[in-house]
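Just below is one structure, and these are the notes that go with it.
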There are 2 protein chains.
Amino acid sequence: MSPVAIAPAPDEQPPVRAPLTRERVLRAATALADTGGIPALTMRNLAQSLGVEAMSLYHHVANKEALLDGVVEMLVAEVEDEIGGFTVESGVADWMPVMRGRVLAARRVMLRHRWAPTLIETRTNMPAALLRYFDSMLGILIEGGFSNDLAHHAMHAMGSRFLGFDQELFKPNAAGSESPNAAMLVDLAAHLPYLAAMLAEVAHDDPDTTLGWCNDQAEFEFMLDILLEGLERRRARLAS
Amino acid sequence: MSPVAIAPAPDEQPPVRAPLTRERVLRAATALADTGGIPALTMRNLAQSLGVEAMSLYHHVANKEALLDGVVEMLVAEVEDEIGGFTVESGVADWMPVMRGRVLAARRVMLRHRWAPTLIETRTNMPAALLRYFDSMLGILIEGGFSNDLAHHAMHAMGSRFLGFDQELFKPNAAGSESPNAAMLVDLAAHLPYLAAMLAEVAHDDPDTTLGWCNDQAEFEFMLDILLEGLERRRARLAS
DNA sequence: ACCTGAACACCGTTCAAGT
DNA sequence: ACCTGAACACCGTTCAAGT
């Protein structure tokens, strides 16, 4: 097709940059978000990082929403890699450890891309890749003995937890996160008696477990296990 | 203070618009979001709805972030109204129905302001009003027999569920939400076998329970009850 | 077919000026 | 003290033009 076999004449500069492709655009977008977060991911910034004009991007993605959808597809591919494929082994009754392992694998991907949960939440259309992931998670439930009805509830209950993240309300940013000291606690006690008491005790028990510095991984697993156990209890009720 | 008792002279036009106050600004911002969603809430739009120039707003809020923080404060006040105050009755051992009622009350407020969850999630600083709410919820747990340590886990596990919302991944917008018909399901079956089977059955059982039209309230309560029961089970273990 | 420059209609925010 | 107009530095996106 293209004259790729023809050696460039001396006066022809070989193309310094590879031609733009959808894949290159999406990869650069992910890299940009990794370094500067979602705010850094503007069409103009992205173009600059590719050594190109902003308007050139529109030949490979329809618009910014389509770009963000594409980035989510890349993320799901990374989750699939981390899990080792979305295939569902049929007849595996012990669904809980399988699902738990997948959720925590997905979580590792999200921790590599801290901006990803927020991005995923803003999508209004479910990317096809994500549908395939959810289908495989549903498959684990069904093969594990869930009815379609109970599995449906379970899908709702798990929600974003399937992808290894959860709303972390008001996560303190690096700037403002200081562990509470004695003076703060005294001040808190007046208006927030229960929080003050809890922080005083929890912070005392474990220096890494103060308001700004909770163990996110442990807390995520605490909630995950409550959900998984609650689902298993309801599944067992079906069988009896 | 102000010459409020002096009747305006005939040539003095009485002020047509009330003077701008922080409260009026925040109230107008909430109204704007109610009608047009968060995207409609721009400084210029807000000013226009108040019959004023955009720059006048900066005399009452420091910047847009402060404006949004203020809107969240209004929301929490509405939650407090709906609940009937944040006071914690001490010595009420039966914590579960109290907390459940509060969560569902908060949820009613969020359903009146569909944009609110997304807005709350984007706040990086916890508004003081919300801290008071969380303190009262923690109080219910403590008075109900939780240890500080277990209550701490519970706060994390509940997270945004305390406010009556949860991440709803890819909620279909009004435009694209059509319940799956037979043709779609056949097409789905090829690539998404489990989802297709589930939808076929669940949609058959209840016409209001298809992918795009799930019963959000029922699903929220399903998940809420799993969490509450899991927490109660762990609390009971403490006592024994 | 792919990329470009200029332009358009928006943002939040600053600043000097008005009353 | 409160409000204003013009301006600045950004956005995403359209369009006609280049090669």
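Any value given below was found using the heavy atoms of this structure, including those in side chains, with hydrogens, waters and symmetry copies removed. Below, chains carry the letters A, B, ... as their sequence lines are ordered, and counting in each starts from 1.
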(request) Record whether the side chain of B:H59 comes under 3.5 Å of the base of D:dC3 through a donor-acceptor pair of N or O atoms. (result) yes
(request) Can you measure from CG (B:N63) to OH (B:Y58) and round to the nearest 0.5 angstrom? (result) 7.0 Å
(request) Using atom NE2 of A:H60 as one end and atom P of C:dC2 as the other, report the distance to the nearest whole Å. (result) 6 Å
(request) Take the protein atom CG of A:L50 and the nucleotide atom P of C:dC3, then report the distance between them rounded to whole Å. (result) 10 Å
(request) Can you tell me the pairing partner of C:dA9 across any strand shown, Watson-Crick or G-U wobble, with both distances under 3.5 angstrom? (result) none
(message) Rounded to whole Å, please give me the gap between CG in A:L57 and C1' in C:dC2.
(response) 12 Å
(request) Please lay out, stage by stage, how B:D166 and A:R161 fare under the test salt bridge (Lys or Arg N to Asp or Glu O under 4.0 Å). (result) CA-CA 11 Å; B:D166 192 29; A:R161 267 76 71 187; 3.0 Å; yes
(message) Tell me whether the side-chain N/O atoms of B:S56 come closer than 4.0 Å to OP1 or OP2 in D:dC2.
(response) no
(request) Begin with the C-alpha distance, continue with both residues' side-chain angles, and end with the deciding distance and a verdict on side chain to side chain donor-acceptor pair (under 3.5 Å) for B:E23 and B:H60. (result) CA-CA 9 Å; B:E23 167 121 11; B:H60 301 97; over 6 Å; no
(message) What I'd like to find out is whether the side chain of A:L57 reaches to under 4.5 Å of the side chain of A:L50, using heavy atoms alone.
(response) yes
(request) Validate the cation-pi geometry between A:R102 and A:F162: distance from NZ or CZ to the six-membered ring centre under 6.0 Å, angle to the ring axis within 45°. (result) no
(request) Could you tell me the separation between the CD1 atom of A:I120 and the OG atom of A:S160, rounded to the nearest 0.5 Å? (result) 9.0 Å
(request) Spell out protein contact along nucleotides 8-19 of chain D as letters: B when the base is contacted, S when just the sugar-phosphate is, - when no protein heavy atom is under 4.0 Å; keep the 5' to 3' order. (result) ---BBBB-----
